[in-house]
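Heavy atoms only: backbone and side chains are in, while hydrogens, waters and symmetry mates are out. To find a chain, count down the sequence lines: A is the first, B the second, and so on, and within it residues start at 1.
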Amino acid sequence: MIDPRGLRFAAWTTTFVLAVVLLTQSAELLAAQAAVFALGSRGRNPYARLYKRLSRTPPTELEPAAPPRFAQLVGLVFAVIGLTGFLAGAPLVGLIATAGALAAAFLNAAFGICLGCEMYLILTRTKTKGVPA
Amino acid sequence: MTGVWVLLVVLALTTAAGLVHRARNGRVRDTAPAEHLRDVLAQLGAQPGERATLLQFSSAFCAPCRATRRILTEVSELVPGTKHVEVDAEKHLDVVRRLGILKTPTTLVLNGRAEEVKRAAGQPRKADVLAALGQALP
């Protein structure tokens, strides 16, 4: 179970980083964000850990870690596609994939909507649908 | 320069999508009185409230479901003759399909005859639930 405030902080930071990637088309920065996503998918998102270190108050509520971790994995996929685009000389691919990750991060940060989490639920639901009641 | 445009378009579209979602989420809408759902409640092992029932469909990994549970429990304690019934959607997929439940939390407001009169997809505001009951109750 994790602190949702750390997740929001991570989402804002991710939004900011990906915005800079769009503006600079920097493959290095996108690679760094991809590394952050990879760590996040294992529950070690550095932005969230930074928040934990800085926050003065204990969390008032916690939420399950599995859906956000899956969401980070989805972000990683987008980041890798984007990185491939930038490195292979297809900057439009890089921009669009980065934009996709940015959209998800911004939705999460500003509106509390976690698209990756929704995907996780749909996947787990279809997996268990075959189980007799 | 392209990056600037992409950024602006993404932020604009995402903001629009987010605002639409926020406007619609948790809104308590009228539904035409369905056939009464006493059999559904019996299947779920629950008794309807005398005057109204707040039937909540929840699932795991659902933070708004927990918040909705708090809200509906408080409302059911405030308004006499009202019962809050919470259902695990994943354990009752047949009911979910029959009632057209698409996401969790979804709250159905049933009247004294266990007919659905309103529903809200997403976490409702407490004031909206109270207002809905005010309309649904005789």
Side-chain angles (χ1 to χ4, degrees), chain A residues 1-2 4 7 15-16 18-26 30 61-71 82 86 91-92 94-118 120-133, chain B residues 1-27 40 43-45 57-71 87-98 100-106 121-125:
Chain A
M1 299 290 278
I2 49 183
L7 294 178
T15 303
F16 179 72
L18 291 175
V20 175
V21 171
L22 282 181
L23 295 173
T24 60
Q25 302 191 25
S26 159
L30 185 53
E61 59 181 297
L62 299 173
E63 62 177 72
R69 281 190 205 175
F70 181 79
F86 284 134
L92 200 55
L95 288 175
I96 292 176
T98 304
L102 172 60
F106 179 60
L107 269 182
N108 193 353
F111 298 97
I113 300 166
C114 176
L115 292 178
C117 305
E118 302 290 328
Y120 180 82
L121 291 174
I122 292 172
L123 286 174
T124 46
R125 205 160 287 164
T126 47
K127 275 210 291 195
T128 56
K129 224 174 203 167
V131 177
Chain B
M1 216 35 215
T2 332
V4 179
W5 285 114
V6 174
L7 177 59
L8 290 175
V9 168
V10 165
L11 288 178
L13 289 178
T14 316
T15 302
L19 290 174
V20 167
H21 180 270
R22 179 182 286 177
R24 306 182 60 170
N25 197 43
R27 183 132 39 104
V40 170
Q43 194 183 328
L44 300 169
F57 288 82
S58 301
S59 62
F61 301 126
C62 172
C65 295
R66 287 195 290 279
T68 302
R69 176 193 306 151
R70 279 198 297 273
I71 292 167
V87 176
D88 182 346
E90 274 144 35
K91 296 214 176 79
H92 299 276
L93 289 173
D94 51 337
V95 175
V96 162
R97 264 180 243 123
R98 172 176 162 189
I101 310 282
L102 297 172
K103 62 174 284 203
T104 56
T106 294
Q123 179 185 331
R125 283 166 286 279

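- In this view, R69(A) satisfies the salt bridge (Lys or Arg N to Asp or Glu O under 4.0 Å) rule with no residue, not counting sequence neighbours.
- Counting heavy-atom pairs closer than 4.5 Å to chain A, the top-ranked of the candidates L7(B), V9(B), T2(B) is L7(B).
- R24(B) CZ: 12 or fewer foreign heavy atoms inside a 6.0 Å radius.
- By number of non-hydrogen pairs under 4.5 angstrom with chain B, the leading residue of L92(A), L102(A), L23(A) is L23(A).
- Nearest heavy-atom pair, G3(B) versus Q25(A), reported as atom, atom and distance to 0.1 Å: N-NE2, 4.2 Å.
- For the residue pair V6(B) and A99(A), the shortest heavy atom distance occurs at CG1-CB, 3.7 Å.
- Annotation: maximal heavy-atom pairing with chain B below 4.5 Å, among L62(A), T24(A), L22(A), L107(A), occurs at L22(A).
- Contact annotation for A110(A): only backbone heavy atoms (N, CA, C, O) come within less than 4.5 Å of a heavy atom of chain B.
- Between atom CZ of residue F111(A) and atom NE2 of residue H21(B) there is a gap of 10.5 Å, rounded to the nearest 0.5 Å.
- For L95(A), the parts lying under 4.5 angstrom from a heavy atom of chain B are both the backbone and the side chain.
- L19(B) touches chain A through backbone and side chain together, each having a heavy atom under 4.5 Å away.
- Side-chain contact between K103(B) and E118(A): absent, with no pair of heavy atoms (C-beta onward) separated by less than 4.5 Å.
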